[in-house]
Protein chains: 2
Amino acid sequence: MLGMANRDRRAERREATRAEILEAAWEVAREKGLAALTLRDVATRVGMQPPSLYSHFESKNAIYDAMFGQAWSEYERADLAAAAEASGSPRARVLKRSLVFFDFAVADLARTQLMNQRTIPGFEPSEESFAPSVRAVQRTAKDLAELGVTDRGDVEILFSIIGGLADQQLANDPGGDSRRKLLTRAVTMWADGVGLPHEAKGSQEP
Amino acid sequence: MLGMANRDRRAERREATRAEILEAAWEVAREKGLAALTLRDVATRVGMQPPSLYSHFESKNAIYDAMFGQAWSEYERADLAAAAEASGSPRARVLKRSLVFFDFAVADLARTQLMNQRTIPGFEPSEESFAPSVRAVQRTAKDLAELGVTDRGDVEILFSIIGGLADQQLANDPGGDSRRKLLTRAVTMWADGVGLPHEAKGSQEP
DNA sequence: GTCTATACTGTGATAGAC
DNA sequence: GTCTATCACAGTATAGAC
């Protein structure tokens, strides 16, 4: 019993330290750029010597990996909330989800680079960290299928449109909203192209 | 006279060495990743000691800058050739140019990261290196305007669609062609959305 | 003018003391 | 679990040979 309790407290402490390190890593990545992340900066920020980080992460890439998993988990939560909250016509639902994706991407360049671009040479997310990414994409595809978009290619095109707008926003107008203003028009083009109905199925019947 | 001749030969030699260094830099960037480029690797490849590179470039970022300018100049050439070669309906012309952009982006991840993403922390292209980028974008916008697409936002949306598809191709299916197959459909959605005519202006009249 | 030799600082990583 | 010490190698800069 006492052994168990001790082990739990230790595990909690360990987990808290890991979270602290990751939070510091996000700060550094946001301030100096994802690729400019250094273990020294992270260690200094949490009050450790650089080698001590290796007690919690086996390499720098392991930190990137944990950050990757965190980022996609956060997005998964944001997308789930948007899916639950979204209402109205299929187009309104798609637009709402698209805006959430766009805003999430544009809010943090370092995070988007880690999630969607191959910025860090040699970094490949682990299967575990990749899982929330797969889930998010699959659920979006499933939700779109229920709205009538069954072609997987059409789903990929929507992702590309929104991701492309977000990337252009980040690259050419960071902090601005020039591309966000174009999102509704772009998604409407896509909705027209795939024949997304203006009204929900059966909304005419009752 | 003799002085001139000597200066010319020296300038040529200098320029050739610069070009050699840049070619080596591209090789390293392609093989190891853009952010993993090191002056050591570049120097080794051209048979120099690392510090000797400073006789030709004042910093590592100056090398990135020259690469940036090269990449956009290459694209400018490719786009000009495509513009001259493209024929037929407005849609066929736009599709041709879109394919050239897509293929150019997908052919080289490191190059695309340098051109369109903010992969290297602290790197900002110089005005001189940025010029071909500006020219290419402006000329495309002008050509599209002549085809009837006058809204600058619509042009940005097209760039985002193609860029987004290319980035997804590079990130999720490097070396494949899954997104290339979707390009025609995506561009068609855009063409429908902006009301791009199927036939050229006046093609009905003669 | 261009290269070599050398050195300074900072990076990720490992080994071993406590 | 954290520290000190140390390593190999990165980018950068200067001095001096030729």
Side-chain angles (χ1 to χ4, degrees), chain A residues 3 6-22 24-25 27-29 31-68 110 114 119-124, chain B residues 2-22 24-25 27-29 31-67 110 114 119-124:
Chain A
N6 276 338
R7 253 168 62 201
D8 283 347
R9 290 196 44 183
R10 229 175 256 193
E12 281 170 27
R13 181 80 194 96
R14 241 189 105 68
E15 195 45 50
T17 304
R18 269 180 68 100
E20 234 182 289
I21 291 169
L22 288 177
E27 284 175 24
V28 176
E31 288 173 20
K32 304 198 173 176
L34 183 67
L37 179 75
T38 69
L39 298 187
R40 265 184 164 70
D41 282 345
V42 175
T44 300
R45 227 165 271 235
V46 296
M48 281 183 182
Q49 294 300 319
S52 301
L53 296 175
Y54 285 85
S55 301
H56 302 277
F57 294 93
E58 71 176 352
S59 70
K60 189 185 179 185
N61 269 3
I63 295 182
Y64 279 132
D65 191 55
M67 293 168 78
F68 182 94
L114 186 58
T119 301
I120 307 299
F123 169 67
E124 293 274 352
Chain B
L2 195 128
M4 288 281 286
N6 275 340
R7 252 168 61 202
D8 284 347
R9 290 195 48 180
R10 233 175 251 193
E12 283 170 26
R13 181 80 194 97
R14 238 188 109 67
E15 196 45 50
T17 304
R18 266 180 70 99
E20 231 182 291
I21 291 169
L22 288 177
E27 283 175 25
V28 175
E31 288 173 21
K32 304 198 171 177
L34 183 68
L37 180 74
T38 70
L39 298 187
R40 267 183 160 69
D41 282 345
V42 175
T44 300
R45 226 165 272 233
V46 297
M48 281 182 182
Q49 294 300 318
S52 300
L53 297 175
Y54 284 86
S55 302
H56 302 276
F57 295 93
E58 71 176 352
S59 70
K60 189 184 178 184
N61 269 3
I63 295 182
Y64 279 132
D65 192 56
M67 293 168 78
L114 186 58
T119 301
I120 307 299
F123 168 68
E124 292 274 353

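A note on names: the letters A, B, ... follow the listed sequences, proteins ahead of strands, and every chain is numbered from 1.
Atom P of nucleotide dA13(C) and atom CD of Q49(A) are separated by 17 Å, given to the nearest angstrom. One can place CZ of F57(A) at 16 Å from C1' of dA13(C), the figure rounded to the nearest angstrom. If you take CZ of R18(B) and P of dG1(C), they are 16 Å apart, rounded to a whole angstrom. Atom CD of E20(A) and atom P of dT2(D) are 10 Å apart (whole Å). Distance, L53(B) CG to dG11(D) P: 10 Å, rounded to whole Å. Taking atom NZ of K32(B) as the reference point, atom C1' of dC9(D) lies 12 Å away to the nearest angstrom. When the P atom of dT12(D) is taken as reference, atom CD of E58(B) falls 11 Å away, rounded to whole Å.
The stretch residues 43-64 of chain A participates, sequence neighbours left out, in these salt bridge (charged side-chain N to carboxylate O under 4.0 Å, His left out) pairs: E27(A)-R45(A), E31(A)-R45(A).
Formation of a donor-acceptor pair under 3.5 Å by the S52(B) side chain with backbone atoms of M48(B) is not found in this model. For the pair Y64(A) (side chain) and L34(A) (backbone), a donor-acceptor distance under 3.5 Å is present.
Contact check, R14(B) against dG1(C): no side-chain N or O comes under 4.0 Å of OP1 or OP2. Considering only side-chain N and O atoms, R13(A) lies nowhere under 4.0 angstrom from the phosphate OP1 or OP2 of dG1(D). Residue H56(B) places at least one side-chain N or O closer than 4.0 Å to OP1 or OP2 of dC3(C). Of the side-chain N and O atoms in Y54(B), one or more sit less than 4.0 angstrom from OP1 or OP2 of dT12(D). A sub-4.0 Å separation between OP1 or OP2 of dG1(D) and a side-chain N or O of S52(A) is absent.
One finds the CG atom of L53(A) at 11.0 Å from the CZ atom of R40(A) (value rounded to the nearest 0.5 Å). From R10(A), atom CZ reaches atom CD of E15(A) across 16.0 Å, with rounding to the nearest 0.5 Å.
Nearest heavy atoms, A29(A) versus L37(A): N-CD1, 4.1 Å.
Among the protein residues, P51(A) comes within range of the nucleic acid bases, having at least one heavy atom under 4.0 Å from a base atom.
T38(A) and D41(A) share a donor-acceptor pair across their side chains, judged by distance under 3.5 Å alone.
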For nucleotides 8-11 of chain C, which of its nitrogen or oxygen atoms have a protein nitrogen or oxygen under 3.5 Å away, and what is each distance?
from	atom 1	to	atom 2	distance (Å)
dT11(C)	OP2	R40(A)	NE	3.4

